[in-house]
There are 2 protein chains.
Amino acid sequence: MAGLAEIARAAGVSVSTVSRVLNRRAGVNDETRQRVLTVLAEMPYTPRGLGALQRTGVIGLLVPELSNPVFPAFAEALETRASRLGYASLLCNTRSASMREEEYVRMLLARGVEGMVFVSPEIANTGGEDVHGYYAKLLSDGVRMVFVNGGAPALDVPDIAVDEQLAGYLATRHLIELGHTRVGFVSGPARSLPSRLKRAGWAAALEEAGVRVDPAWVAHAPFGAEGGAEAAARLLDAPRARPTAVICSSDHMALGVLREAHRRGVSVPRDLSVVGFDDIPVASYCAPALTTLAQPIDEMARAALDELSLRLDPDGRDAPTGNYSRVFRPRLVVRESTAPPS
Amino acid sequence: MAGLAEIARAAGVSVSTVSRVLNRRAGVNDETRQRVLTVLAEMPYTPRGLGALQRTGVIGLLVPELSNPVFPAFAEALETRASRLGYASLLCNTRSASMREEEYVRMLLARGVEGMVFVSPEIANTGGEDVHGYYAKLLSDGVRMVFVNGGAPALDVPDIAVDEQLAGYLATRHLIELGHTRVGFVSGPARSLPSRLKRAGWAAALEEAGVRVDPAWVAHAPFGAEGGAEAAARLLDAPRARPTAVICSSDHMALGVLREAHRRGVSVPRDLSVVGFDDIPVASYCAPALTTLAQPIDEMARAALDELSLRLDPDGRDAPTGNYSRVFRPRLVVRESTAPPS
DNA sequence: CACTGTGTTGCAAGGTTTTGCAAATCAGTT
DNA sequence: AACTGATTTGCAAAACCTTGCAACACAGTG
């Protein structure tokens, strides 16, 4: 890893200046400081004394947010497993912060974090930016990482994921078996890969049952209960052929659907069946209790951490190369929010 | 802060040996290594190069767990506020880890965290151990910190808290006004200070109404939905004079009460009124929607971070000395889980 | 145009940490 | 008891980072 001198050379300044920037001393021109910081971001600098922080068994857990209860659930499961393996975890909420995920990761690395688990990382959004290249760069910098529900088959990173397409399929199947044919999809944003996969499963199940899929049955909205309510409102307002059932991208969105249905006097499950996804703890407490597809959170957490610790262990350097990914089957949990159409 | 030389002197070895221990080099006797590590734990060492990590605007947020949704809610509110003030946050779950809170704090400090917010810290448990002394030591080491619902009036640390006693009082009052007289208390562990304060408010409200308080009306159980169910079971099994209403230490426990009531066919609110505490997001989704006392989470987060940033800001060193604490009033939110006794 | 003050930078001295090396220690063997 | 080899430790030199200081640049002012 680079020393002060190298950084200085790359930035075209003396080591003293670099030192001053690092220590936030006054007396450095803003422009110069910026130049040094840029170089610093590219060839990350680890102070000598940081040897003291290396290999202390600290890992980073990155989740996009905490308001959807799946993420605290994942975080807790991952932490429990991590601590059993002797690692302490630092949890980072990448969306609430002013920093983007990338900066957060740099910050963690500068703090001597040995490896990281990305839960639903940005790469799962098939947006325009080159997040792919960013993860590839981290990887080539030797950062040890694991994805959970990452959806990045092209990267040489293990991905521990539920089969989202199967989830969409099973949810829709369940509704079809109950007798529904007009099944709506309360979906997250269009660029979210998990939502697209669920949609594929949903469409496959409907077509298999001989139902012509109507694109108007898909309502995109931001993740979260608010988004769910908003999407539900749009679907329930559909002039002709309004759905008798909906599947949702997440339980969290499903809660919003329940609320909106309640607000409009649409009775669940009599007038509308609802299937969630995740099986968050709340799902069994809400009214009506939510039929949902459970992610095997504990098993996934276990797999993710085993995978990571293999990569951290200096011995096991040989074993895991290649895109070793595990796909878990979601499990249908039938509760009270689904019933035959009236 | 101590340098290598001082550590070496204290451990009775040469600086080289300390250096070797810190960098995990081979060639140090296990016994010697242990001695050095012990000294290191007592006079924490910050590498020089860590200047690079100092004042990077990273703060630590310590919460006891994540399964009770108040804690993710607090975490998110704190993070949002922190990022607005230019700080990045590291979230730590102190209970799920193998480390105790103390070790976690040391770990964070070694990572150049500037300050920390303790949410419901261990000091709020009036257990036997000398946690008090531990926080005092952190304080005298110059660690900047703030408590949220800390309950440690003797320490020179700002404490941003809800008035727990008032919460217990208002909850009980509400039930008394509805006509209840036999009001149970589903309480967290006896050593939890917040639970004791709520109990005091509960007792005060009952006595004020001329009701003789029966100690059998208090059921202690571990925090969480399981604990709530367990405590509810005990109260509902009470042979004579079983309560017509209960207040709970948290919404999370209240969810357990709802579940247990449902399991036994006890209808809420017809046969049993339930008041929670916290107003977690789920409270409005569960069945029946929970009457509860809301903590003003956003305002508290704001206050906690303003308080902390005052202490971090090198300028404002003058202003905040003394045990500056803010007590927030909980707000009664009436939903569907309370009604007059039948 | 010179003078002054302010701000920025590199040099070199000084302090701290790392590491090569040799001395010391210890257990097992002859 | 002496020898051997492995391990551990401190010394001192080397590498590295920090900081005081002087040099330089630049703008404003008399």
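If you're wondering where the values come from, they're calculated on a predicted model, not measured in any experiment. Protein chains get the first letters and strands the later ones, always in sequence-line order, with residue 1 at the start of each.
Minimum atom distance to the side chain of A:Val15 is reached by D:dT18, of the listed D:dT18, C:dG10, D:dG10. Nearest to the side-chain atoms of B:Val28 among the listed nucleotides D:dT9, C:dT18, D:dT18 stands D:dT9. Taking the side chain of B:Thr17 as heavy atoms from C-beta on, and the options C:dT9, D:dG10, D:dC17, the nearest nucleotide is D:dG10. Among C:dT9, D:dG10, D:dT19, the nucleotide with an atom closest to any side-chain atom of A:Ser19 is D:dT19. Which of D:dT18, D:dT19, D:dT9 sits closest to the side chain of A:Arg25 comes down to D:dT19.
Listed pair A:Thr32 / C:dT8 fails the phosphate criterion, with no side-chain N or O lying under 4.0 Å from OP1 or OP2.
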Test side chain to side chain donor-acceptor pair (under 3.5 Å) applied to B:Asn29 and B:Gln34, step by step: CA-CA 9 Å; B:Asn29 189 0; B:Gln34 207 48 57; over 6 Å; no

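We find that CD of A:Glu6 is positioned 15 Å from P of D:dA15, with the value rounded to whole Å. In this structure, B:Gln34 places its CD atom 17 Å from C1' of D:dT8, rounding to the nearest Å. At whole-Å resolution of the value, CG in A:Asp30 and C1' in C:dT8 are 12 Å apart. For B:Leu22 and C:dT18, the CG to P distance is 7 Å, given to the nearest whole Å. Protein atom CZ of A:Arg9 is 19 Å distant from nucleotide atom P of C:dT9, rounded to whole Å. Following rounding to the nearest Å, A:Leu4 (CG) and C:dT17 (P) show an atom-to-atom distance of 15 Å. For the pair A:Ile7 CD1 and D:dC17 P, the interatomic distance rounds to 10 Å; values are reported in whole Å. The distance between atom CG of A:Asn29 and atom C1' of C:dG10, rounded to the nearest whole Å, is 15 Å.
Of the charged side-chain nitrogens involved, none lies within less than 4.0 Å of a carboxylate oxygen, so that B:Asp159 and B:Arg326 do not count as a salt-bridged pair.
Among the atoms of the strands shown, none is found under 4.0 Å from any heavy atom of B:Val18.
Within the model, atoms CZ of B:Phe118 and CG of B:Leu138 stand 6.0 Å from one another, a figure rounded to the nearest 0.5 Å.
Taking the nucleotide of DNA chain D with the nearest heavy atom to each of A:Ala5 and A:Arg20, the more 5' of the two is matched to A:Ala5.
A donor-acceptor pair is defined here as one N or O able to donate and one able to accept, closer than 3.5 Å; such a pair exists between the side chain of A:Arg144 and the backbone of A:Arg311. Using a distance-only test at 3.5 Å, with no hydrogens or angles considered, a donor-acceptor pair links the side chain of A:Glu76 to the main chain of B:Ser67.
Within 3.5 Å, a donor on the side chain of B:Ser16 pairs with an acceptor on the base of D:dC11, or the reverse.
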